[in-house]
Amino acid sequence: MSFAEYQNELYAQGQTGHQPQYPMTFAELEERASAAMPPKVWGYVAGGAGDEHTQRANCEAFRRWGLYPRMLVAPATRDMSIELFGMTLPAPVFMAPIGVIGVCAQDGHGDLACARASVRTGVPFFAGTLSADPMEDVAAALGGTPAFFQLYTPSDRDLAASLVHRAEAAGFRGIAVTLDTWVTGWRPRDLRGSNYPQVPSGCLSNYTSDPVFRRGLRPGEDATEAAVRELPIFGGPFRWDDLDWLRSQTRLPLMLKGICHPDDVRRAKDHGADAIYCSNHGGRQANGGLPTLECLPDVIEAADGLPVLFDSGVRSGADVIKALAMGATAVGVGRPYAYGLALGGVEGVVHVLRSMLAEAELIMAVDGYPALKDLTPEALRLVG
Ligand SMILES: Cc1cc2nc3c(=O)[nH]c(=O)nc-3n(C[C@H](O)[C@H](O)[C@H](O)COP(=O)(O)O)c2cc1C
C-alpha cells in the first residue's frame with residue numbers, strides 16, 4: 001500500500017480546481033478545530049496538566065532529533081507494514097485512545113466515525129472505555145479491521161472483568177490498560193470551567209450497556225444517572241497484583257499504557273505484559289514530567305524485543321519517522337485526529353491520517369530508507 005499516493009491525489013484535485021478542504025499543517029488544523037468545537041470540549045481536548053509545560057515539551061522533544069539523508073538509494077517503493085501480535089498491519093501508526101472522541105464529532109458519534117476511518121485507512125483504532133457508543137457497536141463499524149480496546153479498570157472487579165470479556169467477545173485484538181489515570185491529574189483549564197467532561201459528554205455507554213453494571217441498578221433507575229453518581233467509575237488504584245489478576249482474565253495481548261521507566265518495563269515483562277505502551281498521556285495527567293520521547297530509548301532497551309507502542313506529541317509524519325527510528329514498533333496519533341474529526345467527521349480523520357502517513361513515506365523515499373527496518377537509531381542524530 002502506498003500512502004505517498006495521497007500527494008498525487010491532492011495535486012490532481014488541483015488540476016480540476018479543487019483545493020484541499022482540510023488543513024495541510026498541524027498549526028492550521030489546531031486553529032480550525034478550536035473554532036469547530038464547543039469551548040468546553042476544546043478546552044478538555046487541547047488542554048493538559050498544570051501550565052501544560054510537559055505537553056509542549058512532548059512536541060518540542062522531536063525537534064532535537066534529525067534524520068540523516070542517504071543518497072543514491074532512491075527506493076521506488078517503501079514498506080511501512082509492521083508485525084504486531086502475529087498480525088501484519090499496513091501502517092506503523094494507530095489512533096491512540098481518546099475517551100471523549102464521541103463528542104469531538106459534530107453528531108456525537110465520534111467513536112463510530114473513527115472506526116470507519118480505520119476501515120478506510122487501515123490505521124488501527126483504540127476504542128476507549130469512555131465511549132459514546134458501546135464497544136460492540138464500535139466493533140460492528142470496524143467490520144473486522146483489527147482494533148484494540150483501551151481499558152480503564154473500575155475498582156469493582158466484576159465490572160472490570162465484564163468489560164474485558166466483552167472486548168474479547170467483540171473481536172478486539174488486544175487490550176491496553178491505562179495505568180496513569182487511576183486519579184485525574186490537575187487540569188487548570190477544566191477546573192476553571194468546573195468541567196468534568198465525561199459527565200455531560202455522555203461517554204459512559206460502555207457502563208450503561210454493561211450487564212454487570214445494570215444488575216446493580218435499582219428498579220426504574222436511569223443507567224446514565226447511576227453511572228454519573230459512581231464517577232469516577234473509570235478509575236481507582238491499580239497495582240502490580242491487580243495486573244496479575246487482569247492477566248488471568250484474558251488471553252488477549254495485554255499492553256501497559258503509561259510506562260516510561262525502564263525498571264517498570266522489566267517488571268511488566270515479569271508480570272506477563274505482551275507490549276509496553278510508552279506514553280505520558282500527552283502531558284494531560286502530570287505536569288513537570290519528562291517528554292515521552294526522551295524516555296523511549298531506555299524503554300526500548302529494557303523491553304528487549306517486546307513490542308513498544310509510543311505516543312505523546314506526534315504532530316507530523318516526520319515525528320512518526322523519528323519515533324520509529326528510535327525503535328518504536330508503532331506510533332500513536334492523539335489530538336490531531338480528534339481535530340480532524342471535529343472538522344470533517346470520517347473524512348477529516350482520514351485526511352489527517354493519510355497526510356501523516358504520506359509525509360512519513362515521502363521522507364523514507366527522499367532520505368533513502370526503503371523499509372522500516374532500515375530506520376534505526378543510527379539514522380538519527382541529536383541536534384540540540
Ligand atoms: C481528549 C483526550 C482524551 C483522552 N482520553 C484517553 C483515554 O480515555 N484513555 C487513554 O488511555 N488515553 C486517553 N488520552 C491520551 C491519548 O491516548 C494519548 O496518550 C495522548 O493523546 C497523546 O498525546 P498527544 O495527543 O499530545 O499526542 C486522551 C487524550 C486526549 C487528548
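Counting starts at 1 for both ligands and their atoms, following the listed order.
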Query raised in the report: Do L256 and H271 touch side chain to side chain, with heavy atoms closer than 4.5 Å?
Result: no
**Report entry** Exercise: identify the closest heavy-atom pair between P291 and R64
**Finding:** CG-NH2, 4.2 Å
Requested in this report: Dump the intermediate steps for side chain to side chain donor-acceptor pair (under 3.5 Å) on S131 and D133, then the final yes or no.
Outcome: CA-CA 5 Å; S131 177; D133 287 281; 5.8 Å; no
Query raised in the report: Which atom pair, heavy atoms only, marks the closest approach of V333 to P336?
Result: CG1-CB, 3.9 Å
Report task. State, without any angle test, whether N206 and T129 hold a side-chain donor-acceptor pair at a distance under 3.5 Å. Result -> no
Report task. Ignoring hydrogens and angles, tell me if any N or O in the side chain of T54 forms a donor-acceptor pair with the backbone of G288 under 3.5 Å. Result -> yes
Would you tabulate the polar-atom pairs, meaning N/O of ligand 1 against N/O of the protein, with distances under 3.5 Å, reported to 0.1 Å?
from	atom 1	to	atom 2	distance (Å)
ligand 1	5 (N)	G99	N	2.8
ligand 1	8 (O)	G99	N	3.2
ligand 1	8 (O)	Y152	OH	3.2
ligand 1	9 (N)	Q150	NE2	3.4
ligand 1	9 (N)	Y152	OH	2.9
ligand 1	11 (O)	T178	OG1	2.7
ligand 1	11 (O)	K257	NZ	3.0
ligand 1	12 (N)	P97	O	3.3
ligand 1	12 (N)	K257	NZ	3.0
ligand 1	12 (N)	H281	NE2	3.4
ligand 1	14 (N)	P97	O	3.1
ligand 1	14 (N)	H281	NE2	3.3
ligand 1	17 (O)	P97	O	2.6
ligand 1	17 (O)	K257	NZ	3.1
ligand 1	19 (O)	K257	NZ	3.1
ligand 1	19 (O)	S279	OG	3.3
ligand 1	19 (O)	D311	OD1	3.0
ligand 1	19 (O)	D311	OD2	2.8
ligand 1	25 (O)	R335	N	2.8
ligand 1	26 (O)	R315	NH2	2.7
ligand 1	26 (O)	R335	NH1	2.6
ligand 1	27 (O)	G313	N	2.9
ligand 1	27 (O)	R315	NH1	2.9

